[in-house]
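Both backbone and side-chain heavy atoms feed into the values below; hydrogens, waters and symmetry mates do not. In what follows, chains carry the letters A, B, and so on, assigned in the order in which the sequence lines appear, proteins first and then strands, with residues in each chain numbered from 1.
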2 protein chains.
Amino acid sequence: MSEAGVMTTGYSIKAASELTGITEDTIRYYEKIGLLPRAQRKENSHRVYTEGDVELMKLISCLKKTGMPLDEMRPYLNLSRDSNLSEYPELYDKIQIHKRKILDQIASLQQIVDFIDTKVSEGNFGERKRNEDCTLTGDVKRMPVRNK
Amino acid sequence: MSEAGVMTTGYSIKAASELTGITEDTIRYYEKIGLLPRAQRKENSHRVYTEGDVELMKLISCLKKTGMPLDEMRPYLNLSRDSNLSEYPELYDKIQIHKRKILDQIASLQQIVDFIDTKVSEGNFGERKRNEDCTLTGDVKRMPVRNK
DNA sequence: GTATAACTTGGAGTCGACTCCAAGTCAAGG
DNA sequence: CCTTGACTTGGAGTCGACTCCAAGTTATAC
């Protein structure tokens, strides 16, 4: 074998972790809460992941990065890869709504960048005159996540 | 008085909450953790906020929306309104770094929107072919925040 | 054979950011 | 005088998302 756990039979949890950037603990946690399906086990009960599993994990971290809570991802992940999105109009609507949120996020982040540029060039940061409220929609936040 | 707590003497916590969209509890919490300076009190020990205080709160929710943790905001808030940013090269650098992060966030969010558009029009969502890893930087997430 | 490494499990602990609560104060209205 | 309502305080509880741990198994390396 050349890379960690890659031997045509599939990826080890370590390999999956390296490929996705998600820690092993977190992958197990995702399985525990049912975000990922229970992984196949080898005779020794070690988890084995397929290419598809890895892609699913990547999709999770993708969605996570747009501020989607883990709970909300479930429907998208369940549907993943097999059937056609257009067969689930409700889900389709949800994702369009989510897309809208992301676009709003983008617009608002852009506003803040503009704000920074203005304030920085004007010198003082906490100016009041017409701090346009930076109308953000999402309540997006950073989390503990001190991933080693 | 016409609006809640507005009587030229300043804003009540309720008024400030309404103006900023931050709950009263959260405003007190911010004061508790020293993110906001201890508010002036009236004889009856009720908090009174100035226009400037309110703007400071708005700035907090602004920054929060860009994914900045409360702890990281302190330096910006302390400096707020009085002195010139360019006098604090270290802080200036920090905010430029933060700006960079926001721009990366924007780029990545844009990627995800593109991803959604492609996948949605192609039908299936969890496709693998060249799901370009949606190289997000920030680990931005949504939080509990079920604000009333 | 024994140590090392890579995994397994269940469960407890942490962290940031709230959110809620009980008990108390105070002013104004009826 | 008593109630109502807006506030005060300190502290406890919640929530999402990890993160860490101890104890156990198994396979290869020496």
Side-chain angles (χ1 to χ4, degrees), chain A residues 1 3-7 9-18 20-36 38-49 57 60-61 63-65 67-74 138-148, chain B residues 1 3-7 9-18 20-36 38-49 57 60-61 63-65 67-74 138-148:
Chain A
M1 65 205 94
E3 295 290 291
V6 184
M7 30 169 66
T9 30
Y11 302 101
S12 70
I13 193 168
K14 186 174 191 194
S17 165
E18 280 164 9
T20 60
I22 304 174
T23 68
E24 301 179 34
D25 260 335
T26 302
I27 292 174
R28 288 193 205 97
Y29 168 70
Y30 286 166
E31 181 177 317
K32 184 147 53 178
I33 64 168
L35 196 62
L36 286 171
R38 180 173 165 79
Q40 291 280 358
R41 309 298 157 114
K42 294 199 288 195
E43 338 67 54
N44 57 11
S45 79
H46 287 194
R47 290 168 177 81
V48 204
Y49 295 103
M57 294 179 202
I60 290 173
S61 66
L63 293 176
K64 212 157 61 64
K65 286 160 181 170
M68 188 184 281
L70 301 185
D71 265 6
E72 276 179 38
M73 294 180 190
R74 290 221 173 76
D139 266 333
V140 171
K141 298 160 204 179
R142 193 178 292 275
M143 288 220 68
V145 93
R146 56 216 156 296
N147 275 347
K148 35 176 153 188
Chain B
M1 62 204 97
E3 296 290 293
V6 184
M7 35 178 55
T9 30
Y11 301 101
S12 69
I13 192 167
K14 185 174 191 192
S17 165
E18 280 163 8
T20 60
I22 303 174
T23 68
E24 300 178 35
D25 260 335
T26 302
I27 291 173
R28 288 192 204 98
Y29 167 71
Y30 286 165
E31 181 177 317
K32 184 148 50 179
I33 63 167
L35 195 62
L36 286 171
R38 181 174 165 79
Q40 291 279 359
R41 311 294 158 116
K42 294 198 291 197
E43 339 67 52
N44 57 9
S45 77
H46 287 192
R47 290 169 178 79
V48 205
Y49 295 102
M57 294 178 202
I60 290 174
S61 64
L63 293 176
K64 212 157 61 64
K65 286 160 183 171
M68 187 184 281
L70 302 184
D71 265 7
E72 276 179 37
M73 295 179 189
R74 290 222 172 75
D139 266 332
V140 172
K141 299 157 202 182
R142 192 178 293 277
M143 289 220 68
V145 90
R146 58 213 154 296
N147 274 348
K148 40 177 160 183

Please classify the nucleic acid contact of Arg47(B) as base, sugar-phosphate, or nothing, using heavy-atom distances under 4.0 Å.
sugar-phosphate

Rounded to the nearest angstrom, tell me the gap between atom CG in Asp25(B) and atom P in dA12(D).
16 Å

Tell me the interatomic distance from Glu24(B), atom CD, to dT9(D), atom P, rounded to whole angstroms.
13 Å

Of all the choices, dT8(D), dA17(D), dT26(D), which nucleotide is nearest to the side chain of Arg41(B) once you look at every atom?
dT8(D)

From C-beta outward on Arg28(A), which listed nucleotide comes closest to its side chain: dC21(D), dT9(C), dT8(D)?
dT9(C)

Roughly how many Å is it from CG in Asn44(B) to P in dG5(D), rounded to a whole number?
18 Å

Whole Å only: how far is the CD atom of Glu31(A) from the P atom of dC18(D)?
15 Å

Atom CD1 of Ile22(B) and atom P of dC18(C) are separated, to the nearest Å, by 9 Å

Closest to side chain of Lys14(B), choosing from dC20(D), dC18(D), dC7(D):
dC7(D)

Please report the distance, rounded to the nearest Å, between CD in Gln40(B) and P in dT8(D).
13 Å

With a 3.5 Å distance limit and no angle check, can you tell me whether Arg47(A) reaches the backbone of Ser45(A) through a side-chain donor-acceptor pair?
no

Is a side-chain donor or acceptor of Thr26(B) paired with a backbone partner of Tyr29(B) at a separation under 3.5 angstrom?
no

Regarding the side chain of Arg38(B), the nearest nucleotide among dT19(D), dT19(C), dT9(D) is dT9(D)

Gap between atoms CD1 and C1', on Ile27(A) and dA6(C) respectively (whole Å)
14 Å

Kindly indicate whether the side chain of Lys32(B) and the base of dG11(D) share any N or O donor-acceptor pair separated by less than 3.5 Å?
yes

What's Ile13(A) touching, base or sugar-phosphate or nothing? Going by heavy atoms closer than 4.0 Å.
sugar-phosphate

Does dC18(D) have OP1 or OP2 under 4.0 Å away from a side-chain N or O of Tyr30(A)?
yes

Rounded distance in Å - CD (Glu43(B)) to P (dA27(C))
8 Å

By salt bridge (charged side-chain N to carboxylate O under 4.0 Å, His left out), Arg28(B) pairs with (sequence neighbours left out) Glu24(B), Asp25(B)

Any residue meeting side-chain hydrogen bond (donor to acceptor under 3.5 Å, both in side chains) with Gln40(A), in chain and number order, not counting sequence neighbours
none

Ranking dC21(C), dC21(D), dA17(D) by distance to the side chain of Tyr29(A), first place goes to dA17(D)

Between Met57(A) and Tyr49(A), is any pair of side-chain heavy atoms under 4.5 Å apart?
yes

Hey, does the side chain of Ser12(B) come within less than 4.0 Å of dA6(D)'s phosphate (OP1/OP2), counting only N and O?
no

